[in-house]
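Hydrogens, waters and symmetry mates are skipped; everything else that's a heavy atom, side chains included, is used. Everything numeric here is computed off the predicted structure, so don't read it as measured data.
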Amino acid sequence: MMTISIGRQDWRVHTRRGSMTADITHTTHCLHNTINNSNLGRSNNIVKHLLTTMGPMHIRRHQFGFQHNHQRHQETFSEHQFPIQPLDRFKVKCAPFRQPVEIGSFSYDEKRKFLMDDSQLKYYFPPDLTKPNNLSVNYEKYISRDLTVDEHVDALLDALICIRDSEQQQQQQQQQQAAVSVTQADFICYRGLLTKIMCTPYARNEPWEMGATLYKGSIYIEEHVSAERRENAAGSNDRHKLMSYWGYRFETICNISKPVSELRRIRTRKRGAPSTSSSSLTDSNNPPNKAAKLEGGDEQQQQQRQRQREEEADETKEQKEEKDKVDELAEIADQIDLEDPELTGRLDGVVDTNLQYCTVARTKIGKNSIIMGAEVDCTSEPKKAPPHNPLSNYIELKTSRVISSAREQNSFERHKLLKFWAQSFLPGIPTIIVGFRDDDGNVVTVETFKTMEIPRLVRGKEGTWDTTICINFLDAVLNFLRKQITVDDPEVSYTIRWAPPYKAIEVEYMGKGTSFLTERFLNSRNKP
């Protein structure tokens, strides 16, 4: 390494194995002056060459590679590597994507115990922004699940056992022939792993590692998390831990434990509602008089109308007051009581991340069938009996810093909206509600995004992402994994890795070892 001083700037030329890299941080004019007044040998010639070919422009932090014979080295990859570049090869017709369908769901209770039910399904009700909504409230009471415990895919496997048992019982009761189980798929994993792969083309500097095993035709995948990363999962410092808490706190102030239809109601006057006329009340509450039944010529009709006017004129004061009361009741309607303890209790609610509700959804991308487990924040309506698909009512809750500049808007669209979209698109969750907060954790505004409309918000903007590339990339990686993971044995594992220098996804055969598939799951699959 040699350093050439150019005024207050440094120009470093690094030569290694016949190649040279120049990092130039000064103007062409300064470089000309330096070259004309110095004798720098070979490096001087390089700078002259750069100035000649690039012209009188400012050169800032560009890297130029010089190789023998002026030929660039073309990288080659092994059969166990899936190169990410060039991305243009994924910008073709989008791989078919089947609408996800829920095949089951499960919950975790406060002791982190698995329950095959919907007991932890929450219902969305908008937070009251007229009241203080600081997301740091009750941080000192925060109950966090033990993040040092590796739960693998145990709960998802338990859910598949229950779904398959229920499926077989139903077939026996209806005396149906056993068909291919809905629990059989090419890939079985949690939604988060698919999201990581899908976003990799646009999140290239974010490493990840996964473990995989092939068993009875299905590839099961789990995330590999280092002990250090597991310890820092809630945040590497106090500020990060608090900001992580804010996301959970936002869920608390948005959710209730029962459907909106079951909230307490109050009767209040509906402003602007049309009142019921006296004549209509008379007609609906009293039998028609004889004059109304008369039929004949104009003279009879005139006599009938005259008698009606006389009867109305003879009504007593008490009768009119009674009609006024009926009119008033017609303007009364049920409204949700915002002082219902279910709503007010949210402001003082305690966050407990042991509690969780997850859906088990089945979908297909290209030729790859997928079963994924995905945490669900809340729903807009109670679940209905099959064949209704509850995924259409599920809602994803997110928080983000308020956007105050074009640069922050661009960052939000390039990074956060990508992950928001991918995370909800995969399991078919149609709605994302984002709480925008300030630096002190105060919720400023709440905005709703429709998952399928997000791509339009970024389409055509510089540096943004493309949904077609994301979907096709995921499909291509899954096809690649099916060719790599071929030994059908639960004790045999593979490692799938995306790591520096971030050029290719690599699959490594790890041989036999302890299976991450639980013994009870393996036993259940071996039953006739």
Side-chain angles (χ1 to χ4, degrees), residues 74-100 186-187 189-210 212 219 221 223 361 363-370 372 374 396 398 400 409-430 432 449-484 496-507:
Q74 284 191 332
E75 278 193 274
T76 58
F77 299 91
S78 75
E79 62 178 343
H80 306 299
Q81 293 178 307
F82 183 86
I84 189 172
Q85 295 291 352
L87 283 182
D88 285 347
R89 74 187 194 271
F90 304 110
K91 198 164 186 177
V92 293
K93 183 179 178 181
C94 189
F97 179 78
R98 183 178 295 172
Q99 179 67 30
D186 297 320
F187 291 90
C189 62
Y190 277 112
R191 179 243 334 249
L193 305 188
L194 299 174
T195 302
K196 287 180 186 292
I197 297 173
M198 198 178 209
C199 294
T200 296
Y202 300 100
R204 301 179 198 173
N205 296 329
E206 298 179 13
W208 46 259
E209 186 176 293
M210 306 172 189
I219 296 176
I221 307 177
E223 185 174 13
T363 186
K364 191 174 186 179
I365 297 179
K367 296 181 179 179
N368 301 295
S369 57
I370 301 169
M372 72 184 84
E396 193 75 33
K398 297 292 183 183
S400 185
Q409 179 71 28
N410 178 262
S411 177
F412 176 76
E413 292 174 348
R414 288 182 62 188
H415 305 294
K416 284 211 166 183
L417 276 187
L418 166 62
K419 293 182 179 178
F420 289 177
W421 168 79
Q423 191 177 33
S424 296
F425 171 80
L426 285 166
I429 296 176
I432 304 166
F449 294 85
K450 293 299 181 183
T451 303
M452 300 307 290
E453 295 176 5
I454 288 178
R456 287 187 223 139
L457 300 178
V458 302
R459 188 173 298 154
K461 295 185 179 181
E462 185 178 357
T464 51
W465 42 278
D466 188 316
T467 55
T468 299
I469 289 178
C470 292
I471 295 172
N472 286 341
F473 180 81
L474 175 60
D475 180 49
V477 171
L478 295 180
N479 291 335
F480 167 72
L481 294 180
R482 290 178 70 176
K483 293 178 181 178
Q484 296 295 315
I496 311 165
R497 187 181 296 109
W498 171 250
Y502 303 115
K503 293 182 179 180
I505 293 174
E506 183 178 354
V507 175

- M452 vs F425 side-chain heavy atoms within contact, under 4.5 Å: yes
- When rounded to the nearest 0.5 angstrom, what distance separates OG1 in T464 from CG in N410? 8.0 Å
- Message: For a 4.5 angstrom cut-off between non-hydrogen side-chain atoms, does W498 reach I84?
- Response: yes
- First locate atom CE of M210, then atom SG of C189, and finally report the distance between them rounded to the nearest 0.5 Å. 8.0 Å
- Sequence neighbours left out, what passes side chain to side chain contact (heavy atoms under 4.5 Å, CB included) with K367? Give chain and number order. none
- Mutual orientation of the aromatic rings belonging to F449 and F412 [parallel < 30°, tilted 30-60°, perpendicular > 60°]: tilted
- Query: Does the side chain of L194 come within less than 4.5 Å of F187's, by heavy atoms?
  - Reply: no
- Task: Please name the pair of heavy atoms, one in D475 and one in A95, separated by the smallest distance, quoted to 0.1 Å.
- Result: OD2-CB, 3.8 Å
- Item | Face-on cation placement of R89 at F82 ring, 6.0 Å and 45° thresholds | yes
- Message: Can you list everything that forms a salt bridge (Lys or Arg N to Asp or Glu O under 4.0 Å) with R482? Sequence neighbours excluded, please.
- Response: D186
- Query: How close do Y190 and A374 get, heavy atom to heavy atom, and via which atoms?
  - Reply: CD2-N, 4.5 Å
- When rounded to the nearest 0.5 angstrom, what distance separates CZ in R497 from CD in E506? 5.5 Å
- Note on the structure: Paired with W465, the ring pair (Phe, Tyr, Trp, His ring centres under 6.0 Å) test is passed by just one of F473, F90, Y202, W421, namely W421
- Is any side-chain heavy atom of L418 closer than 4.5 Å to a side-chain heavy atom of C470? yes
- Can you sort out the partners of K450 under salt bridge (Lys or Arg N to Asp or Glu O under 4.0 Å), two or more places apart, ordered by chain and number? none
- Residues D466 and T468: closest non-hydrogen pair is OD1-N, 2.8 Å
- Query: Would you say the side-chain atoms of R204 pair up with the backbone N or O of Y502, donor to acceptor, closer than 3.5 Å?
  - Reply: no
- Note on the structure: Taken to the nearest 0.5 Å, the spacing of M198 CE from I469 CD1 works out to 12.0 Å
- Note on the structure: In terms of heavy-atom contacts, L426 and I365 come closest through CD2-CD1, 4.2 Å
- Message: I'd like to check I505 versus W208 (side-chain heavy atoms, cut-off strictly below 4.5 Å). Are they in contact?
- Response: yes
- Task: Taking the side chain as every heavy atom from C-beta outward, state whether Q423 and R191 have any pair of such atoms under 4.5 Å apart.
- Result: yes
- Query: Backbone N or O of K364 within a donor-acceptor pair of the S369 side chain at under 3.5 Å?
  - Reply: no
- Message: Please determine whether the number of non-hydrogen atoms from other residues, nucleotides or ligands lying under 6.0 Å from atom NZ of K483 exceeds 12.
- Response: no
- Value for OG (S411) from CG (L417), rounded to nearest 0.5 Å, stands at 10.0 Å
- Between I429 and E396, the two heavy atoms sitting closest are CD1-OE1, 3.8 Å
- Query: When rounded to the nearest 0.5 angstrom, what distance separates NE2 in H80 from CD1 in I496?
  - Reply: 13.5 Å
